[in-house]
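A note on names: the letters A, B, ... follow the listed sequences, proteins ahead of strands, and every chain is numbered from 1. Only a predicted model underlies this, so the values are computations on that prediction, with no experimental measurement involved.
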Amino acid sequence: MRVALNRADLRRPFPADLVQVMTGATVTGLSRRAKYGLMHLDRGATMIFHLGMSGRWRIDPETAEPHDHLLLETAQHRFALCDPRRFGSVDLVGTHALDTWPQFAALGPEPLGPGLSAAYLKAALKGKTQSIKLSLLDQRIVAGLGNIYVCEALWRARVRPTKQAGKVTGPQLARLVPAIVDVLEASIRDGGSTLRDYARPDGKLGYFASSFDVYGRTGESCRRGDGGMIARIAQGGRSTWYCPVCQK
DNA sequence: CGTGTGCCCTGACAGC
DNA sequence: TGCTGTCAGGGCACAC
């Protein structure tokens, strides 16, 4: 493939050898770990990208955009990594060393994999005084959950986001695991969550946002019909939405 | 060590 | 119609 950079950095600098390593390489596969995308190359290297909050790959773009920072061109397609806020990142790691890459080595289990269970959560959260909301956002506890899905999962499991993680009860943990799985599977099925600027690579919108039970529903009534009014609070500098009636 | 805070950056939107 | 303030799907450095 052909490779071009339009600037030197996103969140951090692009790898110094990115263009040299990727130019002429062939993509042998794509995969994902937590919120990172992986592009495996035929020369023993893997490009790892994170889309941050505003990043997306534009496929066969007809026009250039100001925030197209990295351009790839294969025999079949052109790809532009567009990221207005530049909260994303691109790294280059030896394919044999992916598991020991520091950002991966510290990650918790995948929520849709076999590692997430009530027993695991009980052990991982034991003694933690931090809120369950912030603990679930911690990628070292569970890999890949973001603000929307943590809020939605806690509502489904009827757990109050401010509850200390170490004090979440056994029955609550038992509800939390399927709640996390269900909310992720539902969102994947609906094509993701379009808020302001997110779109799928083909430009289509994700419709899971229309299914939110709490996210962004400040002041609206709880869908459980318990008379609760969805509240918005701040935790760790991020917004949390929950129902004060059914989430305990 | 665990926990909490603030900041990186641009753009969209609400309210005046 | 401009202006201003606020907020955003995340992660990290840093202070205590």
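Atom-to-atom, CZ of A:Phe49 to C1' of C:dG11 comes out at 17 Å; the value is rounded to the nearest Å. In this structure, A:Asp83 atom CG and C:dA8 atom P are separated by 18 Å, rounded to whole Å. Regarding A:Met53, its CE atom lies at a distance of 10 Å from the C1' atom of C:dG11, rounded to whole Å. In this entry the distance linking NE2 of A:His67 with C1' of B:dA12 reads 13 Å, nearest Å. Atom P of nucleotide C:dT6 and atom CZ of A:Arg238 are separated by 19 Å, given to the nearest angstrom. A:Ile141 places its CD1 atom 12 Å from the C1' atom of B:dT3, with the value rounded to the nearest Å. At whole-Å resolution of the value, CG in A:Asp9 and P in C:dG11 are 18 Å apart. Here the P atom of nucleotide B:dG4 and the CG atom of A:Leu134 are 7 Å apart, to the nearest Å.
Here, C:dG11 and B:dA12 have their C1' atoms 22 Å apart, quoted to the whole Å. C:dC12 and B:dG11 have their C1' atoms separated by 22 Å, with the value rounded to a whole Å.
Within the 4.0 angstrom heavy-atom criterion, only backbone atoms of the sugar-phosphate kind lie near A:Arg232; the bases stay farther away.
Counting heavy-atom neighbours within 6.0 Å of A:Arg12 CZ, excluding the residue itself, gives a total above 12. Under a cut-off of 6.0 angstrom, the local environment of NZ in A:Lys122 is sparse, with at most 12 non-hydrogen atoms contributed by other residues, nucleotides or ligands.
Under 3.5 Å, the side chains of A:Tyr242 and A:Thr162 contain no donor-acceptor pair of N or O atoms.
Figure legend. C:dC3 is base-paired to B:dG15; pairs are counted as Watson-Crick or G-U wobble with both atom distances under 3.5 Å.
Not less than 6.0 angstrom separates the ring centroid of A:Phe212 from the ring centroid of A:Trp241.
The A:Lys128 side chain lies nearest to B:dT3 when the options are C:dG11, B:dT10, B:dT3. Minimum atom distance to the side chain of A:Lys35 is reached by C:dG11, of the listed C:dG11, C:dA8, C:dC12. Picking from B:dC9, B:dT3, B:dT10 the nucleotide with the shortest atom distance to the side chain of A:Gln130 gives B:dT3. Of the candidate nucleotides C:dC7, C:dG11, B:dG11, C:dG11 has the atom lying nearest to any side-chain atom of A:His50.
In terms of position along DNA chain B, the nucleotide closest to A:Thr129 lies nearer the 5' end than the nucleotide closest to the other residue of the pair A:Thr129 and A:Gly237.
Ring geometry, A:Phe208 versus A:Tyr149: the interplanar angle falls from 30° to 60°, so the pair is classed tilted.
One N or O donor and one acceptor, one from the side chain of A:Arg85 and one from the base of C:dA8, sit under 3.5 Å apart.
For A:Ser239, a side-chain nitrogen or oxygen approaches OP1 or OP2 of C:dA8 to under 4.0 Å.
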